[in-house]
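The next block holds one structure in the form of structure tokens; read it before the comments.
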Number of protein chains: 4
Amino acid sequence: MTDSVNRRTRASQKRQRLVAAAARVLHEQGVERTTLADIAREAEVPVGNVYYYFKTKDDLVLAALSEHRAYLAGLTGRLEELADPRERLKGLVEAWVEQREVAARRGCPTGTLAVELDKRADGTLDAEAGAVIRELLDWAGAQFRALGMADPEGLALTLVSAYQGMSLLANALREPEVMSREGDRLLARLDALRAPDGQL
Amino acid sequence: MTDSVNRRTRASQKRQRLVAAAARVLHEQGVERTTLADIAREAEVPVGNVYYYFKTKDDLVLAALSEHRAYLAGLTGRLEELADPRERLKGLVEAWVEQREVAARRGCPTGTLAVELDKRADGTLDAEAGAVIRELLDWAGAQFRALGMADPEGLALTLVSAYQGMSLLANALREPEVMSREGDRLLARLDALRAPDGQL
Amino acid sequence: MTDSVNRRTRASQKRQRLVAAAARVLHEQGVERTTLADIAREAEVPVGNVYYYFKTKDDLVLAALSEHRAYLAGLTGRLEELADPRERLKGLVEAWVEQREVAARRGCPTGTLAVELDKRADGTLDAEAGAVIRELLDWAGAQFRALGMADPEGLALTLVSAYQGMSLLANALREPEVMSREGDRLLARLDALRAPDGQL
Amino acid sequence: MTDSVNRRTRASQKRQRLVAAAARVLHEQGVERTTLADIAREAEVPVGNVYYYFKTKDDLVLAALSEHRAYLAGLTGRLEELADPRERLKGLVEAWVEQREVAARRGCPTGTLAVELDKRADGTLDAEAGAVIRELLDWAGAQFRALGMADPEGLALTLVSAYQGMSLLANALREPEVMSREGDRLLARLDALRAPDGQL
DNA sequence: GATGAATGAGCGTTCATTCAT
DNA sequence: GATGAATGAACGCTCATTCAT
């Protein structure tokens, strides 16, 4: 490995460290309560250096959203190794339930970010948050379609909406059990879904 | 009416104006993006005067939560005039759908507040937000119990979770139709709910 | 004097102190090298308090320009007590020469401000600086017109241009004598100006 | 041509590009509003590389002043091909008027630089700006002396002062016509200058 | 009780300069 | 020699909170 590659690698590592730290800290503390110093400290990068990689704080928030999008892509990618779309959807729900402790403490990373960003007058960032959620909707819709359901988009909406709802309640009530309980219900519904016009 | 009563009345009017303004502005802009000056301006009260009624900004946030709680109490109170618990629950869902434009623009007042407050290290305020949501859960649970359902708390959880989920999605996607669509689904489910072990 | 008047008076005193300090410090150090802390310190006002009176640093610069405009108005006002327009113009030149030490150290307050502000992309403030200079041009033009000169505006332009030129040179060369020397020349020219089509 | 010469040549090209860019950008934006990155970008040189050629930003400012001095030397050099000193001086004024658009937009490069540098506590750079102006004074003085005038330095001062004044006014008022008007006046004066004790 | 004014800690951002390779 | 990356001090500005009257 040449020096130049070495340098580039270290640099992207730092950038990546910043993005990961941003995703983590923004999820924990929210956008407005998180200072750049918080993120820099978490990433072990001097504050001034952050601006070498990101022009503004909002740029970092955007990068954190991409990180969440990438996490989601990884998850759905792995699920697509399953042959049965129904199993894929159930796998998604199981992944949600597995995250129940995090959800109870901090909520859904993308969902809570979307809530906070939607309070802004400028709609640039909240559109991005919406896009990440839409990607999940699209993936779920594709699975329902593969199952031969009549209204795949509607079912996807119900599923993702249920996820956001249970995450919010688990968080607001500080009860991870909300995730297990509603998760179980969703799993049963997915199993029971047989007729093309079935509902969740 | 004596002067002292006059004074007390005028004072509580000011207080009430502040609380109403806080509820409105905090819902619109979120807690962190809202300054005391914003609320004071909206309430037409001088900034310095706010501290006569509320010791801190957090006190005002608390008061705004009470306002939402009171709004909720008013709504459920009116619904209790209906004899059939099923009709009461359907009335609740209809009220949610009626607010679809607001939900798409700003989300559920209590839910978005809960999300933001849960990001805090100090759990005082977010417990209060949780309590408001819990009150709604309790009321819904009571209706399901009155209907003779086997798991009234579980059904209430599913119902309120669905509401928070659809509000969040409507808001994130900026689509009020999400509220109508999911609302219709919930109404149909409530109608179909007959056996004691039925599910939403 | 009532308390309320007292309060208002103290407040405007503070504002006035800030404006005077701004005019002084901005003249000495220039706009870009002057920090708000510099001005606040000079005015003996806490930094944060500056923003109660001025929304931005540029607002303070604007106020400093008004201060220079006011100074100019005071000077020309006093000169108008002289009956002969020629004497008024000579009085103006004498006032310039009296300021020779200041001019050699810092240049003309308005002129140097105009130079610095003209470097900005946004032309709001530099237009204001231009307006102050134009006011001086207008006043001088009126005097030449009263003297019955054929081209009063042209003469005014030459006079004010000579002032700005000699201030700049005195400043750049750090030689107050430039002001005396050119001042004497201008006085002689004003005296010699008799025919309506005469030139400075 | 050996490689070492090649290298030295390429290096000085880079240096020269930086100096030219500095002169241009500093004239446009002023010293304080210009970042090293601005100059580096304009010169198409990597930022970090600037410090190979110039120890500090001030060094670059100094180099920009030398560039202006060189431009001036070139101009006066060409004018010296004229036999008559009077024609040389008139050629100088004509050159000024030709630059009227630039003057109206940005002022005299050296004059505005001098104004800005004179605001500094450290007098090193402003002395250099003064030296460039003094060089012009000297050259003009030599021409007046060659014309047999009694007070060549005084006449030079008046001439250069007129130039700086008209540039400043043209700039502050954003009126190139100021340059033409005052330029014409100076040309007429130079023509009318016959007696040894004549004045501009 | 009421309120304009005051306060200071802290934030996002910039930039000349230095460093490691 | 060359350069992308790093650094930290400083700036303009905001705002919850307090104070004086």
Side-chain angles (χ1 to χ4, degrees), chain A residues 2-8 10-15 32-40 45-60, chain B residues 4 7-8 10-11 14 32-40 45-60, chain C residues 2-8 10-15 32-40 45-60, chain D residues 3-4 7-8 10-11 14-15 32-40 45-60:
Chain A
T2 71
D3 278 6
S4 97
V5 168
N6 235 331
R7 243 182 289 123
R8 203 174 312 148
R10 189 143 358 121
S12 347
Q13 276 178 352
K14 216 166 187 177
R15 203 196 130 91
E32 305 295 339
R33 293 185 78 86
T34 297
T35 69
L36 278 179
D38 288 338
I39 296 174
V45 164
V47 204
N49 198 3
V50 174
Y51 282 85
Y52 184 76
Y53 297 98
F54 301 95
K55 279 166 82 88
T56 63
K57 184 185 178 183
D58 277 6
D59 263 22
L60 249 179
Chain B
S4 103
R7 244 182 284 124
R8 203 174 312 148
R10 203 172 327 135
K14 240 178 188 174
E32 305 296 338
R33 295 185 78 87
T34 297
T35 69
L36 275 187
D38 287 339
I39 297 174
V45 165
V47 203
N49 202 355
V50 174
Y51 281 83
Y52 179 71
Y53 299 100
F54 301 94
K55 269 166 70 94
T56 64
K57 184 185 178 184
D58 278 5
D59 270 16
L60 247 179
Chain C
T2 72
D3 277 5
S4 98
V5 168
N6 234 331
R7 242 182 290 124
R8 202 173 313 148
R10 186 142 2 120
S12 347
Q13 276 178 350
K14 216 164 187 178
R15 202 196 131 91
E32 306 294 340
R33 294 186 78 86
T34 298
T35 70
L36 279 180
D38 288 339
I39 297 173
V45 163
V47 204
N49 198 4
V50 173
Y51 283 86
Y52 184 77
Y53 298 99
F54 301 94
K55 277 167 83 85
T56 63
K57 184 184 179 183
D58 278 5
D59 264 22
L60 249 178
Chain D
D3 276 6
S4 101
R7 244 182 285 125
R8 202 174 312 147
R10 204 173 327 136
K14 240 176 189 175
R15 203 195 129 91
E32 304 296 338
R33 296 184 78 87
T34 297
T35 70
L36 275 187
D38 287 339
I39 297 173
V45 166
V47 202
N49 202 355
V50 174
Y51 281 83
Y52 179 72
Y53 299 99
F54 301 94
K55 269 167 70 96
T56 64
K57 183 184 179 184
D58 278 6
D59 269 17
L60 248 178

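We name chains A, B, ... by the order of the sequence lines, and we start the count at 1 in each one.
Where C:D38 and A:V50 each meet DNA chain F at their nearest nucleotide, the meeting point lying more 5' is that of A:V50.
One can place CZ of D:F54 at 16 Å from P of E:dT18, the figure rounded to the nearest angstrom. Distance C:R15 CZ to E:dA6 C1': 16 Å, rounded to the nearest Å. Here the P atom of nucleotide E:dA16 and the CZ atom of D:R33 are 13 Å apart, to the nearest Å. With rounding to whole Å, C:L60 atom CG is found 15 Å from F:dC11 atom C1'.
Between B:Y53 and E:dA2, a side-chain N or O to OP1/OP2 separation shorter than 4.0 Å is present. Dashed line: the shortest gap from a side-chain N or O of A:K14 to OP1 or OP2 of F:dG4 is not under 4.0 Å. Between E:dA6 and C:Y52, no contact under 4.0 Å exists linking OP1 or OP2 to a side-chain N or O.
For the side chain to side chain donor-acceptor pair (under 3.5 Å) test, residues two or more places apart in sequence or in another chain that qualify with A:T35 are A:D38. Listed by chain and number, the residues in a side chain to side chain donor-acceptor pair (under 3.5 Å) with B:D58 are B:R120 (sequence neighbours excluded). For B:N49, there are no side chain to side chain donor-acceptor pair (under 3.5 Å) partners, not counting sequence neighbours.
Here the closest heavy-atom approach between residue D:Y51 and residue D:T56 is recorded as CE2-CA, 4.2 Å. Nearest approach of A:E32 to B:R33, heavy atoms of both residues: OE2-NH1, 2.8 Å. Looking at every heavy atom in both residues, D:A40 comes nearest to D:P46 through CB-C, 4.4 Å.
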(Q) Each nucleotide in nucleotides 8-13 of chain E should get exactly one letter: B, S or -. Can you fill that in based on protein heavy atoms under 4.0 Å? (A) B--SSB
Q. Run the side chain to side chain contact (heavy atoms under 4.5 Å, CB included) check on D:V50 and D:L60 step by step: do they pass?
A. CA-CA 9 Å; D:V50 174; D:L60 248 178; 3.9 Å; yes
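Consecutive Watson-Crick or G-U pairing (both distances under 3.5 Å) extending over three or more pairs maps onto DNA chain F as E:2-21 with F:2-21.
How far CZ of D:F54 is from CZ of D:R15: 4.0 Å, rounded to the nearest 0.5 Å. The NZ atom of B:K14 sits 5.0 Å away from the OH atom of B:Y53 when rounded to the nearest 0.5 Å.
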